[in-house]
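Everything below concerns the one structure shown next.
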Amino acid sequence: MSQYIPKTIEEPLVESWEKESSYKAKDSSSSKKLYVLPMFPYPSGAGLHVGHVRNYTGTDVLARFFRMNGYNVLHPIGWDAFGLPAENAAVKAKKNPMDMVPDNIKTFQRQMKRLGFSYDWSREFSTSDPEYYKWTQWLFIQFFKLGMLYKKEMPVYYCEFCKTGLAEEEVLPNGTHERCGKPIVRKTLPQWVFNITAYADRLLDDLEGLDWPHGILEMQKNWIGKSEGAEVRFKLVSGPASEQPQHKNSPCRATCQQHEIKVFTTRPDTLFGVTAVVLAPEHELVKKILKNHIKISINYYKDIQKYVEQAGKKLDLQRTDLNKEKTGVPTGLFAVNPVNGEKVPVWVADYVLGYYGYGAVMLVPAHDDRDFAFAKKYGLKIKYVISKNTTLLRPAERDYGGQVEQSKNGSKPYTGYGYMIPLKEVETFFEDSRFFKNPVSSQDFHAMVVKKLEGLHIGKRQAQYKLRDWIFSRQRYWGEPIPMVHCEKCGWSSIPEDQLPLELPYIKSYEPPKTGESPLSQVKSFVKTTCPNCGGEARRETDTMPNWAGSCWYFLAFSFWDKEKANSKSQIPRFAKATPGEPSPKKIPNPNNQNSNLFGIWNLEFGASIKKWLPVDWYVGGAEHAVLHLLYSRFWVKMLYDLKLVSFKEPFLRLRNQGMVLGPDHQKMSKSLGNVINPDDVVNEFGADTIRIYEMFMAPYNQEIAWSTHALQGGYRFLKRVWNLYEKGIENSDLRIKNPETKELNLKLNKTIKKVTKDIEELKFNTAIAAMMEFINEWEKQIQNSKFKIQNYNSKGKTKKPDNNGTIQQLNNSFSTYHAKRFLQILAPFAPFITEEIWKNTFKEKASIHLSRWPQVEEHALMDPEVVIPIQVNGKVRTVVKIKHADMTKESVLEAALKDEKIQKYVKGKSCKIHFVPGRIMNLIVT
RNA sequence: GGGCAAGUGCUGGAAUGGCAUACAGGCAAGUCUCAAAAACUUGUGGCAGUCACCUGCCGUGAGGGUUCGACUCCCUCCUUGCCCACCA
């Protein structure tokens with residue numbers, strides 16, 4: 001008998017599987033395709049994390065399972081290599097990321113192979129391969145031509161000490177730079193921006209029908225953040241004569257009249273409660289005031305100037321700090337509430353966000369918490385127009401509305417819906433003196449107001465989104481160069497396709513220069529170029545793309561990628577020279593335009609593969625990508641759909657998340673906490689099968705788990721027991737397994753096959769493994785029982801002692817090698833090494849177990865001869881009876897139940913109602 | 001403040017209307033051993049009853065409801081975790 005030593009059996013198998021390329025997806029196969037995709041990793045220097053192992057074991061189980069079920073499975077892997085983390089790590093190590101990343105990738109490859117992940121390695125690529133990012137750049141150009149990319153001054157985080165722009169994740173919550181600890185400011189730089197907001201409605205609507213976790217769908221909806229309401233226009237005027245006598249003939253009279261302020265509100269029903277209009281510091285009108293296009297009193301002007309300047313310096317983080325007291329300054333201007341003609345003051349305050357809605361709000365202190373706080377602080381009027389219930393709406397209060405409410409409830413705003421307080425001005429607005437004959441609910445009023453506003457052309461129904469346009473440039477080195485050229489005469493043009501890929505130059509110093517520009521701006525040979533349009537001198541864009549770019553379409557690339565082909569440039573089709581005169585921007589290209597060569601390659605060479613494999617059937621990864629990566633990818637696919645480069649609208653039909661793996665101390669693993677588990681160590685000590693079984697077993701797949709070295713042992717013990725059962729059985733070099741004579745075990749086996757099959761499809765890996773453990777327990781128990789029987793038999797000394805072989809044969813009548821193999825097959829996706837080893841060595845199978853057919857359930861074996869029926873009295877289980885399927889009638893179960901003394905005790909001499917569910921339960925209700 | 005997920009033994013968890021605690025870990029006792037480890041066997045929700053055998057009651061965050069029957073469905077609340085957040 002040999003011992004189970006994972007290392008010695010696993011390592012040779014890694015090699016043999018690779019040699020046989022067992023897991024290549026077949027482009028030509030006619031069997032049903034299945035695309036199983038784990039989110040590809042960023043190859044960090046730290047190597048594979050146990051969290052990766054959980055993610056990738058999950059998809060590996062799926063891939064192996066579906067392969068055994070006859071599917072043509074695509075299960076690829078690649079590397080998300082561009083981006084800030086890699087660049088920062090390289091800076092730290094004083095290396096070029098271009099040198100470092102390949103080393104990291106090698107580590108990942110080694111670890112993944114050792115863990116037995118069944119990838120199709122022939123489709124592997126890194127987003128930083130020029131052959132790959134050639135297409136990323138080409139797609140950028142297509143999106144530019146589609147009119148979805150524009151260049152605009154946008155605020156970025158900027159560290160004045162390091163003189164560099166920063167990504168949001170480099171800004172600490174206290175507003176300082178994580179590297180130098182100095183405060184960070186906002187700076188506006190010209191940026192490439194994706195007009196993703198144009199797709200907001202489609203991104204929202206198409207979520208319908210996706211098989212994604214409910215929570216993730218909600219997060220996406222929240223992120224897009226559609227709110228429906230109304231836009232209302234307020235005209236700007238000079239103030240009431242009483243307040244501003246000196247302005248009677250002021251310049252404002254002339255200039256103000258031409259301006260109006262658009263506000264967005266989700267509560268048009270509160271329009272009569274407006275007591276001010278508040279502008280964001282970034283609002284156009286504020287800019288006009290500061291440029292003196294709108295003249296206001298000099299005192300106001302100075303305050304506004306100061307206030308706006310300060311607000312500009314603040315970070316979003318500081319501005320949006322909820323605990324912060326609200327601040328603002330008056331403008332001295334007034335706006336007319338279009339529903340009642342009231343003149344309300346115009347303020348500037350930074351709690352109003354420049355980027356949401358119209359950057360202006362109507363202030364309704366009585367019915368909004370923030371407005372209330374602001375009004376209280378600056379002594380603005382608070383006017384109640386909605387009451388929580390109808391009891392307050394007595395006729396005597398009709399014309400007092402606001403004041404009555406205010407005195408009773410003036411200490412806080414009422415933000416819910418309710419009933420409109422009867423006001424004369426409302427009756428006037430609706431030209432109906434009997435408007436409040438019956439109480440008017442504010443929801444109804446909402447609709448009425450919007451309709452009226454539309455009729456009078458002073459407002460309309462409107463939806464707003466939280467989603468903001470997507471800043472797509474980074475002033476960094478380690479990313480795809482943006483394939484754009486700027487010419488003084490012609491503006492921005494994309495570079496000709498025959499110049500793709502626009503390669504990232506290998507440079508020694510790539511740390512951000514002190515100018516706030518990209519490191520590439522320092523590379524003269526890169527910057528200097530000619531204009532593709534006029535041939536004159538021009539400058540290349542020196543910003544690079546963010547790390548999202550490569551991951552926005554990698555799932556498409558796997559369908560057609562050929563690593564070998566990509567590696568040998570000679571085989572790559574060369575591109576024809578650029579046709580003179582690129583199509584001008586903002587013009588949708590004709591998909592049939594054969595002038596564009598890459599269009600041709602995409603459609604002719606890639607098109608069929610994309611069509612064959614996409615969309616992704618199973619997409620599995622961490623929930624931390626709930627919004628950004630998944631939203632961006634969906635967005636790209638929608639643009640590609642519009643460009644007729646793909647024929648589907650959603651990339652990922654089914655999404656699942658694996659839970660995070662925490663340290664043994666229940667905290668996120670981190671070097672500083674010293675709680676990091678290195679999968680290499682675990683694999684070396686216990687084997688790949690053990691870590692796979694453990695990570696699949698310990699909790700539901702989508703749930704967070706804390707690492708437990710103890711529990712890991714459980715998985716190891718299980719595998720050892722499996723090994724011993726199969727190995728011990730062939731002690732005498734006989735292929736028969738030591739088996740008990742049992743139908744019961746075969747019944748259990750079939751039940752187990754059924755459960756494991758169902759559980760894998762539902763990603764309930766933990767219960768699948770539990771079921772297999774139960775089966776092994778049962779098997780061992782049966783062996784114990786049969787040994788016991790044999791001993792008894794022998795001790796009676798009736799016959800001569802049967803030899804070992806004889807014993808096995810005698811017991812082997814119903815559970816045999818055939819059944820033993822069936823169990824091994826259902827274990828195979830979880831523990832690919834041990835099962836393959838036994839399959840080939842013990843059972844002398846030539847072909848891999850992983851390419852064998854998944855065992856089918858033998859329905860006839862599943863027929864339980866007897867069923868256990870619990871008997872309840874008044875809902876409490878008092879006993880159980882065993883009953884044959886054939887006898888499953890109310891009468892026979894009752895008869896059996898009444899034989900039990902306990903039941904008699906409860907039932908005796910009492911009237912009794914019987915509730916019986918055949919095959920499940922009987923409940924006796926005694927009264 | 002908003003959204004989502006979750007709350008079951010000492011621990012991870014199982015059971016999605018029908019025997020609560022499967023499976024695993026831990027712990028305890030035992031077998032083997034000079035000893036230890038490994039392995040194996042047995043036990044392991046709480047309380048009570050002359051607690052070894054047996055018996056009863058209680059028990060899935062709290063409280064209500066629906067039902068013959070609720071961890072499971074409904075309502076109210078509490079707690080924890082995650083995501084978003086001055087979004088008008």
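These figures come from a predicted structure and were not determined experimentally. Each chain gets a letter, A, B and so on, in the order its sequence line appears, and its residues count up from 1.
The NZ-P distance, from A/K226 to B/A88, rounds to 14 Å in whole Å. Atoms CD (A/E780) and P (B/U42) sit 11 Å apart, rounded to a whole Å. As a whole-Å value, the separation of A/R468 CZ from B/C84 P is 13 Å. The CG atom of A/D759 sits 11 Å away from the P atom of B/A14 (whole-angstrom rounding). Between the CG atom of A/N874 and the C1' atom of B/A70 there is a distance of 16 Å, rounded to whole Å. For the pair A/I921 CD1 and B/A70 C1', the computed distance is 12 Å after rounding to whole Å. Taking atom NZ on A/K751 and atom P on B/A14, their separation rounds to 20 Å, with Å as the unit. Taking atom CZ on A/F372 and atom P on B/G1, their separation rounds to 16 Å, with Å as the unit.
Classification of B/G9 as syn follows from a glycosidic angle within 90° of 0.
Defined by atom type and a distance below 3.5 Å, a donor-acceptor pair is missing between the side-chain atoms of A/D368 and A/Y414.
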For residues 267-276 of chain A, dump all side-chain donor-acceptor pairs below 3.5 Å to protein atoms at least two apart in sequence or in another chain.
unit_1, atom_1, unit_2, atom_2, d
A/R267, NE, A/D269, OD1, 3.0
A/R267, NE, A/D269, OD2, 3.2
A/R267, NH1, A/T415, O, 2.9
A/R267, NH2, A/D269, OD2, 3.0
A/R267, NH2, A/G416, O, 3.2
A/T270, OG1, A/R267, O, 2.8
A/T275, OG1, A/K381, O, 2.8

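Between B/C57 and A/R878, a contact under 4.0 Å exists linking OP1 or OP2 to a side-chain N or O. Between A/K720 and B/A39 there is a side-chain polar atom (N or O) within less than 4.0 angstrom of OP1 or OP2. Side-chain nitrogen and oxygen atoms of A/K876 include at least one within less than 4.0 Å of the OP1 or OP2 phosphate oxygen of B/C58.
Between A/S227 and A/I705, the residue anchored nearer the 5' end of RNA chain B, judged by the nucleotide with its closest heavy atom, is A/I705. Closest-nucleotide positions on RNA chain B for A/M219 and A/I925 were compared, and the one nearer the 5' end corresponds to A/I925.
Both tests do not hold together for A/K326 against A/F374: distance to the six-membered ring centre under 6.0 Å, angle to the ring axis within 45°.
Comparing atom distances between the A/T265 side chain and each of B/G18, B/A88, B/C68 picks out B/A88 as nearest. Checked against B/A88, B/C86, B/C19, the side chain of A/K326 finds its nearest nucleotide in B/C86. Closest to the A/P870 side chain, of the nucleotides B/C19, B/G18, B/C86, is B/C19. Of all nucleotides listed (B/A14, B/C83, B/C68), B/C68 comes nearest to the side chain of A/H915. With B/A88, B/G13, B/C68 as the choices, the nucleotide that has an atom nearest any side-chain atom of A/N923 turns out to be B/C68. With distances taken from any side-chain atom of A/T266 to the nucleotides B/G13, B/C86, B/A88, the minimum falls on B/A88. Comparing atom distances between the A/R920 side chain and each of B/G18, B/C19, B/A88 picks out B/G18 as nearest.
Residue A/P213 is out of contact with every strand shown, counting any heavy-atom pair closer than 4.0 Å. Residue contacts for A/Q703: at a heavy-atom cut-off of 4.0 Å it reaches the sugar-phosphate backbone alone, with no base atom in range. Residue A/V868 is classed as a base contact, given a heavy-atom separation below 4.0 Å to a base.
B/U21 and B/G46: their P atoms are spaced 14 Å apart (whole Å). For the C1' atom pair drawn from B/A62 and B/A28, the interatomic distance equals 34 Å after rounding to whole Å. With C1' as the reference atom, B/U11 and B/U66 are 35 Å apart, rounded to whole Å.
The pair A/K221-A/E208 fails the salt-bridge criterion, with no side-chain N (NZ, NE, NH1 or NH2) lying under 4.0 Å from an Asp/Glu carboxylate O. Using a 4.0 Å cut-off between charged nitrogen and carboxylate oxygen, A/E774 and A/K748 count as a salt-bridge pair. With respect to A/E695 and A/R54, no salt bridge is recorded, no charged nitrogen being found less than 4.0 Å from a carboxylate O.
Aromatic ring orientation, A/H625 versus A/H629: perpendicular (interplanar angle above 60°, classes split at 30° and 60°). By the 30° and 60° cut-offs, the orientation of the rings of A/Y199 relative to A/F635 is perpendicular.
Every stem involving RNA chain B, taken as at least 3 paired positions in a row under the Watson-Crick or G-U wobble test at 3.5 Å, is listed here: B:1-7 with B:78-84, B:10-12 with B:23-25, B:26-31 with B:39-44, B:45-49 with B:54-58, B:61-65 with B:73-77.
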Subject >> Where protein sits on nucleotides 20-27 of chain B, one letter per nucleotide: B base, S sugar-phosphate only, - none, heavy atoms under 4.0 Å >> reply: S-BBSSS-
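Between A/F686 and A/P6, the shortest heavy-atom contact is O-CG, 3.2 Å.
Residue A/Q443 qualifies as enclosed at atom CD: its count of foreign heavy atoms under 6.0 Å is above 12.
Between A/L207 and A/R634 there is a side-chain heavy-atom pair separated by less than 4.5 Å.
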